[in-house]
> 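Handing you a structure now.
Counting begins at 1 with the first residue of the sequence. In listed order, ligands and their atoms are each counted from 1.
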Amino acid sequence: MVNLGSMPPIVLNQVGGQECAAADGRTFPKVDPATGQVLCEVARSSAADVRRAVGAALAAQPGWGATTVVKRGDVLRQIALLMRDHRTAIADLVARETGKSRKDALGETDAAIEMGFFVAGEGRRFYGRTTTSAVPNKSALVVRQPLGVAGLIIAANTPIANVAWKAFPALLCGNAAILKAAEDTPLSAWAFGVLAREAGVPDGVYATLHGFGEEAGAPLVEHPDVAVVSFTGSCEVGRWIAETAGRRLAKTCLELGGKNPLIVCDDADLENAVTWTLGSAFSNAGQRCAAGSRIIVFDAVYDAFRQMLVDATQKLKVGTGDGDDYGPVINEGQMQNMLASVERARAAGAVVLTGGHRLTGGAWGGGYFVAPTIVEHVGRTDEMTRTELFGPITSLYRVRDFEEAVALANDSPFGLTASIHTQSLHRAMAFVGRIQAGVAVVNGGTYGSEPHMPFGGLRQSGNGWREAGTEALDVYSDLKTVYINHNPRQV
Ligand code: NAD
């Protein structure tokens, strides 16, 4: 039985079935966002480590790709079962590296496990297509084939879920996969690598590299033998990846940012709308691509809703305990960026209704805790309206009616998720039809995707692919059209 209970003092890479230091021996300190203190050292990978991992992956992929997909699903199920056996240990690592509560970390771990079971089950389906042909005695079918080596690069916000969302479908489709973990969350990625090996993933088929984006991520994107790059992170980096991988016509799946609207109509159940606004804006410290960061409220209920929301927000508890609503943001740089953005909005005339500052002292110590922040009187073309802050900060907008609400919701560089609160079926369905987003929710939050449902967005939220659901299989496989000619006279 593997032991995930004790955190490694140095989190190493996992390549070719071995734990190994970075090629040049360098490490970097991983800081605990709840305290600001160093938690552990982490291998600081470079192009040499990427070359080594790609070499091992190229050697191992043909064998893995030649096993039946049912067998690969069995191995992935074994990973999910091991994750279930070790769920509290994994959740402890997630809680340590992110500062989120153990309760939230367990919820995230369980979601990652569910993803494993869902994808493993696809090993018994993996549907292609059989169809007809214009030519007699010719059968036509479409099957999936692996791409080769998949480069997976993830963000730190929900680290074990982010690993699961990419690693399970990439492996099921018969690829070898190299995960570049987020520099802020090496521990859960390491734990997944340990369990993948224990579950029987052959050496070389799955590797974990740690390090910084430009040093370890970029060489993975640039490597000519990486057939697909699947990336979850910021638009800026996503754009660079699309350009770089695009030069050699490699496939890229980009899951990027959001500035997601939540509309509160004049016929909304305001208590329910407040509950979902709190969850959308502040859960996980607002570090969700699907966070609700533009709350668009009908004039008729604006004042009442604002009061209810501010009152409820001021009751939120920030800290690392299970009784707290959310924890720190992931690093000091992100915290400083989001607070500076609030200050710029304030200077431009916005009103900060609550929050807008760091929380320090007492149990918060030197951690990167940000008070839940609500801003109003923000211009519709201002930075606060158009830029993702990835923190516990949301803006309120007053609109006349449904038309103005939908127009404002759609007036965004992003198009990831959106929600409306209304009792009217007619409004709800008009919203579902007209909102320009990858996910539309009625009377709920802007977040909350499930493993069997496709997730992704329009415009700068991505490049058209969907993760999760059976749609994820389209990211990690290519199609092969097969014709079989036969001759009944030769029976
Ligand atoms: P980021 O783009 O800075 O980093 C994400 C990952 O990319 C990290 O592993 C980082 O090391 C790596 N990276 C950075 N530069 C790189 C480069 N030049 N080449 C290759 N890799 C590089 O993003 P972040 O700020 O850490 O994460 C937050 C972002 O992620 C937000 O925009 C959020 O909306 C987005 N996100 C999107 C989804 C989704 O499914 N759409 C889910 C979670 C987070």
> Does some non-hydrogen atom of Ala182 fall short of 4.0 Å from ligand 1?
yes
> Is there a polar contact, in the sense of an N or O pair closer than 3.5 Å, between Leu256 and ligand 1?
yes
> Could you tell me whether Asn157 approaches ligand 1 through its side chain, its backbone, both or neither, with non-hydrogen atoms closer than 4.0 Å?
side chain
> Only heavy atoms count here, so choose which of Phe390, Phe212, Trp165, Phe455 is nearest to atom 33 (C) of ligand 1.
Phe390
> Do the side chain of Lys251 and the main chain of Ser477 share a donor and acceptor less than 3.5 angstrom apart?
yes
> Any side-chain heavy atom of Thr446 within less than 4.5 Å of one from Val441?
no
> Can you list the atoms of ligand 1 that are under 4.0 Å from a heavy atom of Ile153?
6 (C), 7 (O), 9 (O), 12 (C), 20 (C), 21 (N)
> State whether the shortest distance between N or O atoms of Ser234 and N or O atoms of ligand 1 falls below 3.5 angstrom.
yes
> Between Thr385 and Tyr397, is any side-chain donor less than 3.5 angstrom from a side-chain acceptor?
yes
> Distance under 4.0 Å to a non-hydrogen atom of Ala218: what atoms of ligand 1 satisfy this?
19 (N), 20 (C)
> Phe168 and ring pair (Phe, Tyr, Trp, His ring centres under 6.0 Å): which partner among Phe118, Tyr476, Tyr206, Phe192?
Phe192
> Considering only heavy atoms of Trp240, which atoms of ligand 1 have at least one such atom less than 4.0 Å away?
18 (N), 19 (N)
> Which of these, Gly462, Pro219, Gly233, has its nearest heavy atom closest to atom 30 (O) of ligand 1?
Gly233
> Look only at interatomic distance and state if Gly211 has a nitrogen or oxygen under 3.5 Å from any nitrogen or oxygen of ligand 1.
no
> Quick test: of every protein heavy atom, which one is nearest to atom 34 (O) of ligand 1, and how far off is it to 0.1 Å?
Glu388 OE2, 2.5 Å
> Look only at interatomic distance and state if Lys180 has a nitrogen or oxygen under 3.5 Å from any nitrogen or oxygen of ligand 1.
yes
> In the protein, what heavy atom is nearest to atom 6 (C) of ligand 1, and what distance, to one decimal place, separates them?
Ile154 O, 3.3 Å
> Checking contacts here: is it the side chain or the backbone of Gln287 that comes within 4.0 Å of ligand 1, counting heavy atoms only? Could be both or neither.
neither
> Could you tell me whether Glu97 and Lys30 have a side-chain N and a carboxylate O separated by less than 4.0 Å?
no
> Check whether any side-chain heavy atom of Val221 lies under 4.5 Å from a side-chain heavy atom of Trp240, and answer yes or no.
yes
> With a cut-off of 4.0 Å, which atoms of ligand 1 are near a heavy atom of Phe231?
2 (O), 5 (C), 6 (C), 7 (O)
> Does the Asp49 side chain pair with the main chain of Ser46, one donor and one acceptor, at a distance under 3.5 Å?
yes
> For atom 38 (C) of ligand 1, what's the nearest protein heavy atom and its distance?
Cys289 SG, 3.1 Å
> Taking side chain as C-beta onward, heavy atoms only, is Cys235 less than 4.5 Å from Phe414?
yes
> Please tell me if the side chains of Ser101 and Asp324 come closer than 4.5 Å, counting only heavy atoms from C-beta onward.
no
> Is a side-chain donor or acceptor of Gln460 paired with a backbone partner of Leu256 at a separation under 3.5 angstrom?
no
> For atom 27 (O) of ligand 1, what's the nearest protein heavy-atom neighbour? Residue, atom name and distance, please.
Ala155 CB, 3.5 Å
> Could you tell me whether Arg26 and Glu215 make a salt bridge, using a distance below 4.0 angstrom between a side-chain N and a carboxylate O?
yes
> Is the shortest N/O to N/O distance between Gly213 and ligand 1 below 3.5 Å?
yes
> Would you say CD of Glu383 has more than 12 non-hydrogen atoms from neighbouring residues, nucleotides or ligands within 6.0 angstrom?
yes
> Examine the proximity of ligand 1 to Gln334 and report which part, side chain or backbone, both or neither, has a heavy atom under 4.0 Å away.
side chain
> Can you find an N or O of Glu214 that's nearer than 3.5 Å to an N or O of ligand 1?
no
> What atoms of ligand 1 come within less than 4.0 Å of a heavy atom belonging to Gly257?
32 (O), 34 (O)
> Quick one: does Asp478's side chain have a donor or acceptor within less than 3.5 Å of a partner on Leu147's backbone?
no
> Should Asp474 and Arg144 count as side-chain neighbours, where that means a heavy-atom distance under 4.5 Å?
yes
> Numbering the atoms of ligand 1 from 1, which are under 4.0 Å from a heavy atom of Val237?
2 (O), 13 (N), 14 (C), 15 (N), 16 (C), 17 (C), 22 (C)
> What atoms of ligand 1 come within less than 4.0 Å of a heavy atom belonging to Gly217?
19 (N), 20 (C), 21 (N)
> Among all the protein's heavy atoms, is there at least one whose distance to atom 4 (O) of ligand 1 comes out below 4.0 Å?
no
> Could you tell me, atom by atom, which parts of ligand 1 come under 4.0 Å of a heavy atom of Glu183?
8 (C), 9 (O), 10 (C), 11 (O)
